[in-house]
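I'd like to ask you about the structure that follows.
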Amino acid sequence: MAFTFAAFCYMLALLLTAALIFFAIWHIIAFDELKTDYKNPIDQCNTLNPLVLPEYLIHAFFCVMFLCAAEWLTLGLNMPLLAYHIWRYMSRPVMSGPGLYDPTTIMNADILAYCQKEGWCKLAFYLLAFFYYLYG
Amino acid sequence: MQVPSGYGLHHQNYIAPSGHYSQGPGKMTSLPLDTQCGDYYSALYTVPTQNVTPNTVNQQPGAQQLYSRGPPAPHIVGSTLGSFQGAASSASHLHTSASQPYSSFVNHYNSPAMYSASSSVASQGFPSTCGHYAMSTVSNAAYPSVSYPSLPAGDTYGQMFTSQNAPTVRPVKDNSFSGQNTAISHPSPLPPLPSQQHHQQQSLSGYSTLTWSSPGLPSTQDNLIRNHTGSLAVANNNPTITGVDSSSTTSSASPMPNSYDALEGGSYPDMLSSSASSPAPDPAPEPDPASAPAPASAPAPVVPQPSKMAKPFGYGYPTLQPGYQNATAPLISGVQPSNPVYSGFQQYPQYPGVNQLSSSIGGLSLQSSPQPESLRPVNLTQERNILPMTPVWAPVPNLNADLKKLNCSPDSFRCTLTNIPQTQALLNKAKLPLGLLLHPFRDLTQLPVITSNTIVRCRSCRTYINPFVSFIDQRRWKCNLCYRVNDVPEEFMYNPLTRSYGEPHKRPEVQNSTVEFIASSDYMLRPPQPAVYLFVLDVSHNAVEAGYLTILCQSLLENLDKLPGDSRTRIGFMTFDSTIHFYNLQEGLSQPQMLIVSDIDDVFLPTPDSLLVNLYESKELIKDLLNALPNMFTNTRETHSALGPALQAAFKLMSPTGGRVSVFQTQLPSLGAGLLQSREDPNQRSSTKVVQHLGPATDFYKKLALDCSGQQTAVDLFLLSSQYSDLASLACMSKYSAGCIYYYPSFHYTHNPSQAEKLQKDLKRYLTRKIGFEAVMRIRCTKGLSMHTFHGNFFVRSTDLLSLANINPDAGFAVQLSIEESLTDTSLVCFQTALLYTSSKGERRIRVHTLCLPVVSSLADVYAGVDVQAAICLLANMAVDRSVSSSLSDARDALVNAVVDSLSAYGSTVSNLQHSALMAPSSLKLFPLYVLALLKQKAFRTGTSTRLDDRVYAMCQIKSQPLVHLMKMIHPNLYRIDRLTDEGAVHVNDRIVPQPPLQKLSAEKLTREGAFLMDCGSVFYIWVGKGCDNNFIEDVLGYTNFASIPQKMTHLPELDTLSSERARSFITWLRDSRPLSPILHIVKDESPAKAEFFQHLIEDRTEAAFSYYEFLLHVQQQICK
């Protein structure tokens, strides 16, 4: 395969997905710490919240790249996650700063379980995507 | 000199919040103000401030230099005052003595390294307190005019501390240093044998003989409670309780120090190292007639309890006192006169083996009764009078008799299912909510207080030892929550009550499911904080119009001496409109100084150290201020309200110590950070579709609350407004900082006298009730169960830990539980809440409640054990969450579905009766009625015009009220009171209280010929029918006929007739059962206020809502679908 724009997109996406995998792992660890009482929810939210938008933006960025490269299949695979991100950020609690997590509700068992599940699902998605981009 | 160094330390601590003013506290605004105008009230407010403060503020960088160049001695302020002749020097003395103890605290706050170092030596805080004494010694030398009775103590202990090695410090401290632990003393009247035992025992644990010598000559003090530390205790009896700063004035001013001393743990004069002070504990729920003791387990007669009526000084264990009096003079209280000290314990059967057996017996008793009353099927549509005639009691868990006796009172601790299902699957099948309803800090009439060197806890899950553990043998006990086997400490082997050795299962911890421990310094992160109260008052035009200041100041003046606290208690005032006003109340000033900060974008504290002052040292100034405040702003034209900046300032002021901030607000905040816009659309008030804006508009108040909570500060909100004030946003400041919320819609001191009266009464309770500071509450439960969601006002710090900056006796909590693992291998589950708090006297205490419940495996048993009231309260809490996070209609649907699901689950699995009828087990028969009541409650109703703030306030109340009050809010009690008889009456305090039957909440029960009393928790209505008997009107209401009764009547006159006496004693009895005294409205049949009364008749049909019967049909329809 010649070194086209599409190939460049895939390489870039590969690197960025690696970064996103780290984000997801960080996310999972953070919520696990919350669940096992190691961390104060306020601190934890303060560390997690600034990371939410970068993650979403990185993902949106290479979605746009794939759009430009007219890689419709890849874009199609990424669309659900993009839509989910947009929905998730639209329905966030009332907050002045960026981010998603509210220290007063985060300890609710439902929300905590949801966030953990979300972390694992994203990790799986990014891992699959990583190998897809690697061989794609 | 002491002052600068003290302040230096102090200010290191202050640097974070109040940036620049580290060196010259207090000079900036007060100086120009006071030199310019001698007359403070009139001139200060208008003329100079606007000129002066903005200047200084805007030049902050420059100003900072200016201040830092200034001389650091703080009493410069004082000496520049014109009105302050000659007193400056003495003022500076007092000034230092006031702030000195605090600065020595700050010392510890500031040097965590030092603190942790000292605690790592296992020295139990002794070094820190020792440090205080070192400091006070110095200051005492410097200011000989202040009497310091604790001086010798400081010396002694300083030496003792240095002369002993680390492990010995702890008993020393517990014994003789902190005077309140008198019970641990080494009193003379010991019989020789135990004393020797004890001595050996103690020396095992590192007790040095030095301690024995230091208590000194105890042999003369026979029955006295403070019998331990000889000369030392006598010398500083009060000072050691109250803390370090002990000038002679404060010690005399602190309320009933001696009895407090007695209360704390001295009831057993002949008790050894671990004294449990449980005065005549009755195993049954206490004979408190009002608080609904479970009938089956309450054989105790309703004993007249004189002390129950006595309002303690905000810090009371009222009937502890009789118990203690028992110890000294057995005939005084008459509660258990026969065997004064521990007669209560002897009522227990001697069952040494019960704890070993308990876990195997617990669940068995259920099988013995094949068809319990609670399972009797009830056909709801046919049962016309579903509501019982008497109040509904909490069901008693189906345990064996011994455990029943030991179990926690349902007033403090209730579970929605008194039979815990074995698995989550079974719970899901039952379709019932599982959760706990807590009222942990309730005012108790009796509470065993345990002073012990070691608080026995499980080594792995940290559960406190409780009545439901099992003793494997003399030396080991098995935790009932995690099943770990623990060793029984040596000290625990000795039972102070029977003075015998080797009976750990008879210790008070194991005999009472509600106990309080006095905690050692292991349980402190810092020295216990003093009681600190800050009042933040709205003085904008709106507030002055409403006139609440008069009532507040009057209340404060009356209750100033009753504020809970010790001699360290501090108090401060702030007012705000578009600017923020601080009040310098530093002792030595001739009159209070007002300091105005008009820079609301960057709030700072003008004189950080003189705004919160010692209550006793500056009492005159505080009184002056309170007398002047109501009239200071009468001519104000300022309509704006800068609540956000004022709160930020309050946070800065409180953050070094923590404490309580009481905010009085009368309108929508309109300036600075946290400003809000009106979000209510009056046309939508009665909408049946969407109710918006139940959540906060901004997270400013939430963030502020979290910051406050982190600094152990709670914010209590009093909202007295006539228009929409966005309570949904404002309430956040209290919700997450563990405060409380009071709302007085359309408050006006003359136009709305009933609200004014309510405020007055609420304030009285609010100011004088008990308070706990820097509290945390942990809820533990048997392995397999876990906490799902918490409801109430607090911040959840981890999965089972609630951070409560303040805890008050009127706060209730709810917890949803889930069953993570199957409970098949156990027959009992236990729940334990431990509330660790600092009392207003500066003691760390732990109040522990333990509840034990059986586990069942069949669905029928689950239904048999439903506590319908608890379930309704938990559902209400969940519905509030749902309506905020989703929508009100979702919440309403969820409530209806809760009934439909549970009844259909019951119908399909349990009863094999005809499916056409709507059947419910007897335990659940009130469930549909209560849910209907919830749907018609202000919080959840639709279709009826409800102001948004009213709705949000009702939701806040649901979240934070304890169960008993919440139930009255949801389903009021209706009584007919025009024909009260003595039939079935109870006797309380020599009064005969008639017990009229409950009426169902339906207009069909109201006859025109009667008069009815409705008890809605915070308000009483007396509805007088048109054709009401003239005798009643004359004898009870004091008017000749129906027509002459006025429209607004809020009191029953004291008439000397039998029916008046009966009515009044009944109402008083109802009133006494709750902390907030409700106001009484007398509603005539034809008055417009009638609607208020009729909206509570929830069984009737309204335009927008079902009647009870229709609701049942609706449910039945849903089930059949």
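Letters A, B, ... mirror the listed sequences (proteins, then strands); counts begin at 1.
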Worksheet item: Does a sphere of radius 6.0 Å around OH in Y89(A) hold more than 12 heavy atoms from other residues, nucleotides or ligands, not counting ones at 6.0 Å or beyond?
Response: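 More than 12 heavy atoms, drawn from other residues, nucleotides or ligands, come within 6.0 Å of this atom.
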Worksheet item: Can you tell which of Q816(B), M787(B), K735(B), K702(B) has the highest number of heavy-atom pairs within less than 4.5 Å of chain A?
Response: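 Maximum pair count with chain A is reached by K702(B).
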Practice prompt. Name all residues meeting the side-chain hydrogen bond (donor to acceptor under 3.5 Å, both in side chains) criterion together with T782(B); count only those two or more places apart in sequence or in a different chain, and write none if there are none.
Written response: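 With sequence neighbours excluded, T782(B) shows a side-chain hydrogen bond (donor to acceptor under 3.5 Å, both in side chains) to no residue whatsoever.
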Worksheet entry | Residue-level interface, residues 41-62 of chain A with chain B, non-hydrogen cut-off under 4.5 Å |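 From residues 41-62 of chain A, the residues near chain B are P41(A), I42(A).
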Item to complete: Check each atom of D102(A) against the heavy atoms of chain B and say whether the ones under 4.5 Å are side chain, backbone, both or neither.
Response: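 Contact with chain B: side chain only.
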Discussion item. Quick check for you: to the nearest 0.5 Å, what is the distance between M107(A) atom CE and T799(B) atom OG1?
Written reply: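 M107(A) CE to T799(B) OG1: 5.0 Å, rounded to 0.5 Å.
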Fill in: Partners passing side-chain hydrogen bond (donor to acceptor under 3.5 Å, both in side chains) against S822(B) (at least two apart in sequence or in another chain)
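Listed in chain order: T824(B).
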Worksheet item: Is there a side-chain contact between T104(A) and V796(B), using heavy atoms and a 4.5 Å cut-off?
Response: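 The answer is no; the side chains never approach within 4.5 Å.
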Practice prompt. Determine whether more than 12 heavy atoms belonging to other residues, nucleotides or ligands lie under 6.0 Å from atom OH of Y114(A).
Written response: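 Yes, because the 6.0 Å sphere around OH of Y114(A) holds more than 12 heavy atoms from other groups.
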Worksheet entry | Heavy-atom proximity to chain B below 4.5 Å, by part of P103(A) |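 Both the backbone and the side chain of P103(A) come within 4.5 Å of chain B.
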Item to complete: Using a 4.5 Å cut-off on heavy atoms from C-beta on, say whether the side chain of V94(A) contacts that of F700(B).
Response: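 No - every pair of side-chain heavy atoms lies 4.5 Å or more apart.
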Worksheet item: When rounded to the nearest 0.5 angstrom, what distance separates CG in L34(A) from CZ in R797(B)?
Response: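 So the CG of L34(A) and the CZ of R797(B) are separated by 13.0 Å.
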Worksheet item: By side-chain contact (heavy atoms from CB on, under 4.5 Å), which residues pair with S96(A), not counting sequence neighbours?
Response: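 Counting only residues at least two positions away or on another chain, S96(A) forms a side-chain contact (heavy atoms from CB on, under 4.5 Å) with D699(B), K703(B).
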Discussion item. Taking CZ in R459(B) as the centre, count heavy atoms belonging to other residues, nucleotides or ligands within less than 6.0 Å. Is the count above 12?
Written reply: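 Open: at most 12 neighbouring heavy atoms sit under 6.0 Å from CZ of R459(B).
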Worksheet item: Using a cut-off of under 4.5 Å for heavy-atom pairs, which of P696(B), S798(B), S803(B) has the most such pairs with chain A?
Response: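 The option with the most such pairs is S798(B).
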Discussion item. Would you say NZ of K959(B) has more than 12 non-hydrogen atoms from neighbouring residues, nucleotides or ligands within 6.0 angstrom?
Written reply: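 Enclosed: over 12 neighbouring heavy atoms sit under 6.0 Å from NZ of K959(B).
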Fill in: Portion of T698(B) that has a non-hydrogen atom of chain A nearer than 4.5 angstrom
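For T698(B), backbone heavy atoms alone lie under 4.5 Å from chain A.
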Discussion item. Taking side chain as everything from C-beta outward and backbone as N, CA, C, O, which of these in A705(B) sits under 4.5 Å from a heavy atom of chain A? Side chain, backbone, both or neither.
Written reply: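 For A705(B), no heavy atom lies under 4.5 Å from chain A.
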